[in-house]
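These values consider heavy atoms only, across backbone and side chains, with no hydrogens, waters or symmetry-generated copies. Just so it is clear: chains get the letters A, B, ... in the order the sequence lines come, proteins before strands, and each one is counted from 1.
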2 protein chains.
Amino acid sequence: MESTMVRGKVGAQVDNEPEARAGGALPYELIELFFFAYRDFVSDPDRILAELGFGRAHHRVLHFVDRNPGLTIAELLDILKITKQSLNRVLKELVGTAFIEVRTGLADRRQRHLHATASGHALAARLAGVQGERIRQALHGVPAAAHPAIEAYLTAMIDPQERKQVLSRIRKGPVG
Amino acid sequence: MESTMVRGKVGAQVDNEPEARAGGALPYELIELFFFAYRDFVSDPDRILAELGFGRAHHRVLHFVDRNPGLTIAELLDILKITKQSLNRVLKELVGTAFIEVRTGLADRRQRHLHATASGHALAARLAGVQGERIRQALHGVPAAAHPAIEAYLTAMIDPQERKQVLSRIRKGPVG
DNA sequence: CATATATGTCAGTCTTATTGACATATCTCA
DNA sequence: TGAGATATGTCAATAAGACTGACATATATG
């Protein structure tokens, strides 16, 4: 009943993974924990967004615009990995409700630079707040010494080819 | 107010979180890492599923049925937190393609007990395999001593009210 | 000027989810 | 036994979020 290890290592009675053997038991616990953890992680913002008639797509757009002021359409599409048609509706709604502001590029007037407005930033911060609160309480039950390992683990879960780009974007610091 | 006959409670207490802070900067890195990590985590199965004309919904159903043989419709709905109408199409397709088998309950003939077929189990194992591989390589870059902390962290990210139920479901062997 | 680039938009489709309303079989209990 | 309650199935309409394809416009660049 050691609560932490991946289960089934010596599970004699159940032969539940015949063709699964690619070199050991599958980490079912971590697979399912990740699923449930992520679901609850996004549920907090979902409730707030629903009050405003927004969905997760709005959250993602607002979040990355807030974190990367001046982001262009193309950059945002690259981050979100969606098509411009998908982005369009959501972005139009966020602009229409004045949570995001569009400024024509100065150097290149074809570009659109996106910025969160004051209310956009407030909403983004509120959404990040509830998610941050969940993270904070989760970290609370874990030795501080292990916190870097958690970050390292999540980082290593990202596709290697994208990892560098994602990290540089994440760590680029807010507002500026 | 919002629940149907099928859904469980969703209303967590509102954690009023006005603007930014509460006791420090928001953990933006972990917020974004979780987002990107989860996206890539599901991308591997997505590719396999696409070949078969299936989507994520099929994956989830097949996964939990495979892991919990004999699962009833009601139990599955409780795990997935979707409506029976949503489940229906997906489940019908999985049954129609013989990845899942339905058996009428013996004790209670109203119930339907779901089982993965041989091919269903093979597919489930293949999907869990690619996800497990990603997890394994991610764990590789983290000191083994910190592995329990990662599991503890993910567990703590789950809603407290659900945590116990989720854990018992995850750790219990196949129902048989 | 010709072409490439950045963005916008129209139209249609798909998957996954929703709510609402019923239908049917079966179990339970008074 | 008969009246509900329960477990599941199904029809219909709708929505969010994504997609492809095609085309339009403005601007930059060589």
Side-chain angles (χ1 to χ4, degrees), chain A residues 35 39 42-43 45-47 49-63 65 70-96 100-114, chain B residues 1-8 10 35 39 42-43 45-47 49-63 65 70-97 100-114:
Chain A
F35 168 73
R39 183 171 67 182
V42 293
S43 72
D46 278 357
R47 281 186 282 273
L49 292 158
E51 296 167 12
L52 298 164
F54 291 148
R56 269 177 218 178
H58 301 85
H59 184 192
R60 294 198 280 262
V61 169
L62 178 60
H63 175 90
V65 168
L71 207 60
T72 66
I73 302 289
E75 289 167 341
L76 186 50
L77 291 177
D78 184 55
I79 292 174
L80 299 177
K81 299 224 191 302
I82 59 175
T83 59
K84 61 182 173 178
Q85 296 91 328
S86 294
L87 173 60
N88 199 260
R89 173 187 58 91
V90 169
L91 184 55
K92 263 196 291 193
E93 288 170 357
L94 285 167
V95 170
I100 286 181
E101 187 181 296
V102 180
R103 302 182 198 158
T104 296
L106 299 179
D108 187 335
R109 295 173 48 80
R110 292 172 304 179
Q111 292 186 328
R112 302 288 175 262
H113 293 282
L114 306 173
Chain B
M1 166 175 139
E2 88 153 305
S3 59
T4 64
M5 49 193 298
V6 157
R7 294 179 57 88
V10 174
F35 168 73
R39 181 171 68 183
V42 293
S43 73
D46 278 356
R47 278 185 283 272
L49 293 159
E51 296 168 11
L52 298 164
F54 290 149
R56 270 178 218 178
H58 301 86
H59 183 192
R60 295 196 280 262
V61 169
L62 178 60
H63 175 91
V65 167
L71 207 61
T72 66
I73 301 289
E75 288 166 341
L76 187 49
L77 291 177
D78 184 55
I79 292 174
L80 299 178
K81 299 225 193 301
I82 58 175
T83 59
K84 61 182 173 179
Q85 296 92 328
S86 294
L87 173 60
N88 200 261
R89 173 187 58 90
V90 170
L91 183 55
K92 264 196 290 194
E93 289 170 356
L94 286 167
V95 170
T97 47
I100 287 182
E101 186 181 297
V102 180
R103 302 180 197 158
T104 296
L106 299 179
D108 187 336
R109 295 174 47 79
R110 293 171 303 179
Q111 292 185 329
R112 302 287 176 264
H113 294 283
L114 306 173

message = Distance check needed: dG8(C) C1' versus Leu114(A) CG, whole Å only.
response = 13 Å
task = Report the distance from atom NE2 of His59(B) to atom P of dT15(C), rounded to the nearest whole Å.
result = 18 Å
query = So which one's nearest nucleotide on DNA chain D is more toward 5', Lys81(A) or Asn88(B)?
reply = Asn88(B)
Below 4.0 Å: OP1/OP2 of dG17(D) and any side-chain N or O of Arg56(A) = no
ask   = Between dA17(C), dA6(C), dG9(D), which one does the side chain of Gln111(A) approach most closely?
value = dA6(C)
message = Can you measure Arg39(A) atom CZ to dT16(C) atom C1' for me and round it to whole angstrom units?
response = 15 Å
query = What do the steps show when you test Val65(B) against Leu94(B) for side-chain contact (heavy atoms from CB on, under 4.5 Å), and what is the final call?
reply = CA-CA 11 Å; Val65(B) 167; Leu94(B) 286 167; over 6 Å; no
ask   = Base, sugar-phosphate, or nothing for His113(A), non-hydrogen atoms under 4.0 angstrom?
value = nothing
remark   = Against the side chain of Arg60(B), the closest entry in dT20(D), dA17(C), dG17(D) is dA17(C)
request  = Report the residue (Val90(A) or Thr72(B)) whose heavy-atom-nearest nucleotide on DNA chain D is the more 5′ of the two.
outcome  = Thr72(B)
query = To the nearest angstrom, how far is Leu76(A) atom CG from dG8(C) atom P?
reply = 11 Å
ask   = Do Thr83(B) and Asn88(B) touch side chain to side chain, with heavy atoms closer than 4.5 Å?
value = no
note = Here the distance between atom P of dA15(D) and atom CD of Glu93(A), to the nearest Å, is 13 Å
request  = Report the residue from Leu76(B), Thr72(B), Leu62(B) that forms a side chain to side chain contact (heavy atoms under 4.5 Å, CB included) with Leu114(B).
outcome  = Leu76(B)
query = Can you find a pair of side-chain heavy atoms, one from Phe35(B) and one from Arg60(A), that are under 4.5 Å apart?
reply = yes
request  = For Val90(B) and Phe54(B), run side-chain contact (heavy atoms from CB on, under 4.5 Å): C-alpha distance rounded to whole Å, both residues' side-chain angles, the deciding distance at 0.1 Å, then the answer.
outcome  = CA-CA 9 Å; Val90(B) 170; Phe54(B) 290 149; over 6 Å; no
message = Using five pairs at each end of the helix from dC1(C)-dG30(D) to dA30(C)-dT1(D) to define an axis, what is the angle between those two axes, to 10°?
response = 20°
task = Measure the shortest side-chain to side-chain distance between Lys81(B) and Arg39(A) over non-hydrogen atoms and say whether it is less than 4.5 angstrom.
result = yes
key: Leu71(B) CG to dA7(D) C1', straight-line distance once rounded to whole Å   = 14 Å
message = What I'd like to find out is whether the side chain of Arg89(B) reaches to under 4.5 Å of the side chain of Glu93(B), using heavy atoms alone.
response = yes
ask   = Considering only heavy atoms from C-beta outward, does the side chain of Gln111(A) approach that of Glu75(A) to under 4.5 Å?
value = no
ask   = Quick one: does Val42(A)'s side chain get under 4.5 Å of Arg56(A)'s, heavy atoms only?
value = yes
ask   = Which letter, B, S or -, goes with each nucleotide of nucleotides 22-30 of chain D from 5' to 3', with contact meaning a protein heavy atom under 4.0 Å?
value = B---BBS--
Residue Ile82(A), side-chain atoms from C-beta onward, closest of dT16(C), dA18(D), dT8(D) = dA18(D)
key: Any Ser86(B) side-chain N or O less than 4.0 Å from OP1/OP2 of dT16(C)   = no
query = Under 4.0 Å between a side-chain N or O of His58(B) and OP1 or OP2 of dT16(C)?
reply = yes
task = Evaluate the side-chain proximity of Thr97(B) to Leu52(B): yes if any heavy-atom separation is below 4.5 Å, no if none is.
result = no
d(CG, Leu52(A); C1', dA16(D)) in whole Å = 16 Å
ask   = For the pair made of CZ in Arg89(A) and P in dC19(D), what is the distance, rounded to whole Å?
value = 12 Å
